[in-house]
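All remarks here apply to the structure that follows.
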Amino acid sequence: MMMNKMTMVVLALVMTTFYAQAQQFKALLFTKTDGWHHGSIHEGVTAIRTIAERNDFQLDWSENAGLFFTDKRLAQYSVVIFLNTTGDVLNEEQQAVFERFIQSGKGYVGIHSASDTEYDWPWYTQLVGRMFHIHPRNQTALLRVEDRNFPGMQLMPDTRWWTDEYYEFLEEKADNLQYLLTVDESTYDYKAQWGENRVAQGMDGNHPMAWYHTHDGGRAFYTALGHLPGTYSDAIFQEHIYGGIFWAATGKGILAQPEPVKKKKR
């Protein structure tokens, strides 16, 4: 017996709703820029779509803050991903919406120039944790894993040569940052100068590249990697991004520290 057109439409809607509910969580990918526009945004969007498909979570992508940053619209998401955003991307009303979103226990993920965004919004600078100051030219340098208990860090080698645009950061805006990756400043030339007053001087050998923390009731993950388009096709980098998305969206994935083994007395 053939179904009529109305029945088929209703069935399709039911199946779509069921599939959306069956997925782990829902994420909003936000790529609005009000300044430098990274050429790697396209590759980043493609990579995060691949990550979403592989890990069975729903993903929406937009540069339209007015459409998505409302209380009703944003409430459907578990995490918002700022991918290579720059400058002032949200107005005051949209900022208040995003603050309420995080305060409700939701998550934020910042990738690369997400730390070059909204300098004049103190709450956001605390959410990111540290803000971009300056960078030298693209170079290959040695990355070090500082914390392997966070999701997505298990596949990373202890040290890895990596080519990127290495940000130097301003002071910490939050006192509970948990660092995941650092870059060895002795392995590349970190010097740079933009005008008279903006100078790269290094970070005294403690140069973070990725971190996470809790903020104002929610969760925040940031990675400074991701300037070059080719980095987004790297499988280990994709795992790094997904680990941040998974934790920010769910609060899950951090492994418990193993108990020290007590030596038996002879």
Side-chain angles (χ1 to χ4, degrees), residues 29-31 33 35-41 43-44 47-48 81-87 89 108-119 124-147 150-153 156 159-174 177-192 194 198 200-213 215 219-232 234 236-245 247-248:
L29 178 58
F30 186 55
T31 58
T33 58
W36 180 261
H37 185 90
H38 279 79
S40 60
I41 288 177
E43 285 78 7
I48 295 175
I81 306 160
F82 279 47
L83 169 64
N84 280 335
T85 53
T86 53
V89 294
Y108 161 86
V109 166
I111 299 174
H112 196 54
S113 62
S115 64
D116 190 27
T117 302
E118 295 287 359
Y119 289 90
Y124 179 83
T125 68
Q126 294 165 15
L127 179 71
V128 178
R130 302 188 83 140
M131 300 300 288
F132 165 72
H133 172 54
I134 195 172
H135 65 75
R137 68 185 185 279
N138 298 338
Q139 295 173 68
T140 300
L142 191 68
L143 293 177
R144 299 186 187 277
V145 171
E146 301 295 337
D147 183 354
F150 191 81
M153 301 300 296
M156 280 200 179
T159 58
R160 185 185 190 191
W161 292 99
W162 182 263
T163 305
D164 219 307
E165 181 181 74
Y166 289 104
Y167 280 5
E168 183 174 309
F169 295 97
L170 298 170
E171 72 281 355
E172 291 182 344
K173 296 293 185 178
L177 302 183
Q178 304 294 313
Y179 292 117
L180 298 171
L181 285 173
T182 57
V183 61
D184 187 338
E185 291 186 335
S186 71
T187 63
Y188 74 106
D189 182 7
Y190 57 76
K191 296 176 184 176
W194 300 355
R198 204 165 181 180
Q201 299 179 346
M203 300 185 69
D204 296 325
N206 184 20
H207 194 141
M209 282 286 106
W211 57 80
Y212 72 97
H213 69 130
H215 176 68
R219 296 170 296 276
F221 164 85
Y222 172 79
T223 181
L225 307 180
H227 174 71
L228 297 172
T231 62
Y232 289 93
D234 182 270
I236 294 178
F237 183 52
Q238 288 187 13
E239 283 298 304
H240 176 51
I241 292 175
Y242 177 60
I245 294 172
W247 175 78

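Just so it is clear, the values below take in all heavy atoms, side chains as well, and ignore hydrogens, waters and symmetry mates. Please read these numbers as outputs of a predicted model, since none were measured by experiment.
Ala248 is linked by a side chain to side chain contact (heavy atoms under 4.5 Å, CB included) to Val79, Val109, counting only residues two or more places apart in sequence or in another chain. Here Arg198 pairs with nothing under the salt bridge (Lys or Arg N to Asp or Glu O under 4.0 Å) rule; sequence neighbours left out. Under the rule for a ring pair (Phe, Tyr, Trp, His ring centres under 6.0 Å), the partners of Trp162 that lie at least two apart in sequence or sit in another chain are Phe237. By the side chain to side chain donor-acceptor pair (under 3.5 Å) test, Thr31 is found to be paired with Trp61, Glu63, residues two or more places apart in sequence or in another chain being considered. Glu165 is linked by a side chain to side chain donor-acceptor pair (under 3.5 Å) to His112, His135, His227, counting only residues two or more places apart in sequence or in another chain. Every residue two or more places apart in sequence or in another chain that forms a side chain to side chain donor-acceptor pair (under 3.5 Å) with Thr163 is listed here: Thr140. Scored by the side chain to side chain donor-acceptor pair (under 3.5 Å) test, Thr86 finds no partners at all (sequence neighbours excluded). Partners of Tyr190 under the side chain to side chain contact (heavy atoms under 4.5 Å, CB included) rule, at least two apart in sequence or in another chain, are Glu185, Tyr188. Remark: Leu170 pairs with Met131, His133 by the side chain to side chain contact (heavy atoms under 4.5 Å, CB included) rule, at least two apart or across chains. Contacts of Gln238 classified as side chain to side chain contact (heavy atoms under 4.5 Å, CB included), with partners at least two apart in sequence or in another chain: Ala47, Thr50, Ile51, Arg54. For Tyr179, the ring pair (Phe, Tyr, Trp, His ring centres under 6.0 Å) partners two or more places apart in sequence, or in a different chain, are Trp211. In this structure Phe82 satisfies the ring pair (Phe, Tyr, Trp, His ring centres under 6.0 Å) test together with Phe30, Phe98, Tyr108, Tyr124, sequence neighbours excluded.
The aromatic rings of Tyr167 and Phe132 sit tilted, their planes meeting at an angle between 30° and 60°.
In this structure the side chain of Leu225 reaches within 4.5 angstrom of the side chain of Met209, judged on heavy atoms. Contact check for Ile236 versus Arg160: side-chain heavy atoms found under the 4.5 Å cut-off.
Ring centroids of Tyr212 and Tyr222 are separated by 6.0 Å or more, keeping the two rings apart.
Ion pairing between Glu146 and Arg144 fails under the 4.0 Å rule for side-chain N and carboxylate O.
Taken to the nearest 0.5 Å, the CD atom of Glu172 stands 12.5 Å off from the CD atom of Gln126.
Using a distance-only test at 3.5 Å, with no hydrogens or angles considered, no donor-acceptor pair links the side chain of Asp204 to the main chain of Asn206. Between the side chain of Ser40 and the backbone N or O of Leu228 there is no donor-acceptor pair closer than 3.5 Å.
In terms of heavy-atom proximity, Lys191 sits nearest to Pro136 at O-CB, 3.7 Å.
Thr231 and Asp164 form no side-chain donor-acceptor contact under 3.5 Å, judged by distance and modelled atom types alone.
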